[in-house]
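Notes follow once the structure below has been shown.
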Amino acid sequence: MSTDQKEFDVLVAGGGQAGIIAAIVAAEKGARTCVLEGAPRTHRGGNTRHTRNLRPMHVGPLSVLSGTYDEEEYWDDLMRVTKGKTNEHLARMTLRKSTEAVGWLEERGVQFQPPLGGTLHLGRTNAFFMGGGKQLLNALYRHAEKLGIEIHYDAMVEDIEFEDGHFKNVTISDGRIFAAKSFVAAAGGFEANIEWLKEGWGEIAENFLIRGTPYNKGGLLKLLLNNGAQKIGEPDQCHAVAIDGRAPKYDGGICTRVDCVSLGVVVNKNAERFYDEGEDFWPKRYAIWGRLVAGQPDQVAHVIIDDKAIGSFMPPVFPAETADTIPELARKIGLDPTVLETTINDYNAAVQPGEFDHTELDGVHTDGLEVNKTNWARTIDKAPFRAYCLRPGITFTYLGVEVTDQAQMKMADGRLAPNVFAAGEIMAGNVLGQGYLAGIGMTIGNIFGRIAGSEAADHALNR
Amino acid sequence: MRLTDKVEEAARVLTICNACRYCEGHCAVFQAMELRLEFNADNLDYMANLCHNCGACYHNCQYAPPHEFNLNVPAAMAELRQENYGIFAWPGFMGKLFANNGLWVSLLSILVIAGFFLMTSMKAGENFMLAHENGFYGVLSHNDLAAIFGLVGGFVALALLMSVIKFWKTMQLGNPLALDWGRVLQGVKDALTLKYLDGGNGQGCSYPNETPSMARRWFHQLTFWGFMLCFAATSVGTVMHYGFAMEAPYDFITLPKILGTLGGLGLLIGPAGLLGIKVGATADVKGKSNKGMDVTFLMLLFFTSLSGLVLMFVSKTVYVGPVLSLHLGIVMTLFLSMPYGKFVHGFYRLIALIAFAVEKQRHKPVVGTE
Ligand SMILES: Cc1cc2nc3c(=O)[nH]c(=O)nc-3n(C[C@H](O)[C@H](O)[C@H](O)COP(=O)(O)OP(=O)(O)OC[C@H]3O[C@@H](n4cnc5c(N)ncnc54)[C@H](O)[C@@H]3O)c2cc1C
Ligand code: SF4
Ligand code: SF4
């Protein structure tokens, strides 16, 4: 085997944003660098391929971003979603360093989307990639190739060797061995590994849809944990949203979203409502609905809207089931027609008068129901009625390895792994213990990718 | 409204895009999609003609093959354009010529060139192989030339006009006089500057491959302005001839010659460059059925210019007759194929861009986050 062995300064496992950035930084520091990407070239870049934006802190306008989004506001947003489950030191460092992210990427050819004609609602907090994450990846891979970084596709890391706590080498799927002075683990989470998801969720994980890459099976994460890395996060903590039940099992990405929950009611397979659909704006709330649907029988739900809702939400990719009466709709989607009709009638009867306005928390609510709707509660009475089927869609997992502010991996015995660094989803749990903030995933990957690449190069080159 | 395979595929593709919207910054197609929202044949014809086949949204698409959604916007749009060029042709039955366009244009060129050889040599008799004081007018008189090309030109103009009217109506643009002319000018500007070959941020289009580049935009500009200069040269010549009784041949430093030579150079470099890029382009992006049409059109432009420039140099020599016949044959093929070949894309794209500029006022992007 050793005849096949290659030796580098820095070896990066995983070619998503975190990995490719780490490799670029290392190579720019002069390290001989290699990236092992488990997916074929067409699917390179894992979940990064499906992303839209990142969330940089900034005081005053920054590139495509308007206004100010300062540390305190950012921190408050993060505290609100994680409910304190974060490492404040790492999190604040991430926020502060996020200011440089846009410029760093732009210097390496990544294009951001300037606000279009109207007002880009999120133009203040989120910087959108022109064309999405794949454009970012294409630009970074081009840059990496120019720097002479060796990139291997279809190179799943399947084994790892340590000696006295020092990283030595990895073996990839075809048996080749790659050795290096330092190692960056950036191989994403384990969301595509249903068996592992079951450890946290039980059998119901069979019914989950995986929104991102089928290649993030957590193989490397498991290897690291088995070799004594300190675990962070819980196996059932993840970003899970409610998506169209007809989405592909893997890789359905963004377009399978169903954005009309707050405009209608959601019932489970027993045709009963189970949660306040109008609790808050959908972008702030959609990340809890995956978990909610997962808690329902058969992990399925149906959002039901009437004709008044048409035109006020992002069009879903699959057509709705449509019917002129509620019982007919129930039959079409396999629910009990009388129960659904009762549910809708009860709901309609409980709607209180008010001025409906979907652009604000309008307080138009229901009264006296077991589960009330607290905003945007309009009656559902204008045919045709439409239904979209919902299932939990897993975006990414939070369980990972614990790291220092130098992206260095911590071991369970309290020591530090001298030459192993981690970046991206594989360590996102350090910052994001639970909940989700739009754009934070890519921000974490960007910051820790840069730190890991830099530290790995310094270690390898004895700086 | 028509419901063909190509319409269905374009609708399928754009339904996915409409739920995704990641590419909205790349070009007008996606913003138009967000405005029209309904994917019937008319709207799709509009979006297809907005697409410049820059490739950006293919290379950046998270659903590009081998993903099971198998998404390829530029190919779907190119295929649909090929189909709707035929739909808008006048007279209608001539629309069939857009299928296998490359083949029939090639055949036509052989026929027409041979025809010109025959006609010119018969008409000129022994003058065909002699040198003449007044250049090629010694072979074929100005009036003969003007008659032949005037007649064909008139028909071509009529056919193009009819097609343009039909297209205009389909674009739902309404009475041209009632339009907001500021917006119309914006559309014209977007067309003339080839705005949507800039990738969205001025980085250039992802054609021939994933790396953004300005090459295609430059070569297209050379082609377009080359063509316009040649057109101007002919127009100026005609005015000088009939208006001021200044008869050709002109000296090298006269307006028609300068315009013609500059234009000719543009029409050599531009089409050659575009052909070169096309050959190297990633196969998937181009669409399957339109390759012949694009290639023959570029070849015609290139050889029109090449034969024209050669003619300029040999016009006082004994080769004038054959070279003239060749040049006229090529130009005539170009003329005849104008309403039934790639040439029409300029008009349709211009109109689509005007429609977009008018509608864009209303564009309010809805974005998703993650
Ligand atoms: C549909 C969707 C939309 C999203 N949108 C956004 C957004 O808009 N903004 C945002 O901030 N976040 C978003 N996210 C989250 C974001 O994708 C992640 O936070 C981010 O991409 C993580 O980057 P990464 O480099 O760590 O992982 P990835 O990009 O997933 O890269 C991991 C790489 O490792 C490879 N790999 C896996 N196992 C191995 C192995 N054993 N050996 C070698 N290679 C391996 C994979 O093939 C993959 O290329 C989204 C996620 C999804 C699914
Ligand atoms: S990423 Fe793909 S699906 Fe999304 S808008 Fe672009 S081309 Fe369409
Ligand atoms: S190929 Fe270019 S011009 Fe055509 S739709 Fe895609 S981005 Fe727009």
Side-chain angles (χ1 to χ4, degrees), chain A residues 40 42-43 49-53 55 109 111-123 125-126 128-139 141-142 211 239 241 244 248 250-257 259 283 286-287 311 313-319 395 436 438-439 441-442, chain B residues 12-28 30-31 33-35 37-39 54-69 71 73 198-204 206 209-212 284 356-357 359-370:
Chain A
T42 48
H43 281 71
R49 241 171 77 235
H50 290 294
T51 63
R52 180 65 159 127
N53 55 39
R55 179 181 282 255
Q111 299 284 328
F112 285 86
Q113 181 186 316
L116 295 172
T119 46
L120 201 57
H121 168 59
L122 292 139
T125 54
N126 292 62
F128 287 66
F129 314 128
M130 177 77 77
K134 205 168 162 194
Q135 182 267 129
L136 169 138
L137 286 166
N138 289 341
Y141 271 89
R142 271 201 303 280
R211 304 174 66 210
H239 181 245
V241 305
D244 198 303
Y250 295 100
D251 242 352
I254 196 73
C255 77
T256 59
R257 62 195 308 144
D259 278 1
Y286 76 127
F313 58 96
M314 281 276 287
V317 68
F318 300 108
T395 315
Y436 189 70
M442 290 293 279
Chain B
R12 180 190 78 87
V13 161
L14 285 180
T15 302
I16 295 174
C17 290
N18 193 30
C20 164
R21 301 194 172 186
Y22 278 16
C23 291
E24 64 183 355
H26 276 310
C27 77
F30 298 95
Q31 295 168 51
M33 162 193 93
E34 292 173 20
L35 280 165
L37 289 172
E38 199 187 324
F39 303 127
C54 80
C57 69
Y58 171 76
H59 292 292
N60 297 339
C61 180
Q62 54 191 313
Y63 304 119
H67 191 280
E68 63 178 279
F69 286 169
L71 216 75
V73 180
D198 83 344
N201 262 349
Q203 70 270 34
S206 308
N209 57 39
E210 172 214 297
T211 311
D284 349 321
F356 176 66
E359 283 182 17
K360 193 163 69 169
Q361 296 289 77
R362 297 189 275 121
H363 183 244
K364 290 261 183 302
V366 187
V367 291
T369 46
E370 202 55 35

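Proteins get letters first, then strands, A, B, ... in listed order; numbering begins at 1 in each. Here the structure is a predicted model, which means the values were calculated and not measured.
Residues A:R52 and B:Q62 have side chains not in contact (no heavy-atom distance under 4.5 Å, counting atoms from C-beta outward). Between B:R21 and A:P315, the closest side-chain pair of non-hydrogen atoms falls below 4.5 Å. Side-chain contact between A:Q113 and B:C23: absent, with no pair of heavy atoms (C-beta onward) separated by less than 4.5 Å. Residues B:Y63 and A:I254 have side chains in contact (heavy-atom distance under 4.5 Å, counting atoms from C-beta outward). Side-chain atoms of B:H59 and A:K134, non-hydrogen and from C-beta on, never get closer than 4.5 Å to each other.
The candidate from B:N18, B:T15, B:L37 with the greatest count of non-hydrogen atom pairs under 4.5 Å with chain A is B:N18. Annotation: maximal heavy-atom pairing with chain B below 4.5 Å, among A:P40, A:G311, A:G252, occurs at A:G252. Looking only at heavy-atom pairs under 4.5 Å with chain B, the residue among A:G132, A:G131, A:A287 that has the most is A:G131. Between chain B and the options A:T256, A:D251, A:L137, A:N138, the largest number of non-hydrogen pairs under 4.5 Å is found for A:N138. No other option in A:P319, A:G441, A:P316, A:P248 has as many heavy-atom pairs under 4.5 Å with chain B as A:P248.
B:T211 touches chain A through backbone and side chain together, each having a heavy atom under 4.5 Å away. If you measure heavy-atom distances from B:C61 to chain A, the contacts under 4.5 Å come from the backbone alone. For a residue to count as touching a neighbouring chain, one of its non-hydrogen atoms must lie under 4.5 Å from one of that chain's; by this rule B:E210 touches chain A with backbone and side chain alike. Contact of A:R49 with chain B is made through backbone and side chain together, with heavy-atom distances under 4.5 Å.
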A:M314/B:E34 under side-chain contact (heavy atoms from CB on, under 4.5 Å): CA gap, chis, key distance, verdict: CA-CA 10 Å; A:M314 281 276 287; B:E34 292 173 20; over 6 Å; no
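The backbone N or O of A:F128 sits nowhere less than 3.5 Å from a side-chain atom of B:Y22 that would complete a donor-acceptor pair.
Between B:P212 and A:R142 the shortest heavy-atom distance is CD-NH2, 3.3 Å. Considering every non-hydrogen atom in both A:R257 and B:A19, the closest pair reads CD-O, 4.1 Å.
Applying the salt bridge (charged side-chain N to carboxylate O under 4.0 Å, His left out) criterion to B:D198, with sequence neighbours excluded, gives no partner residue.
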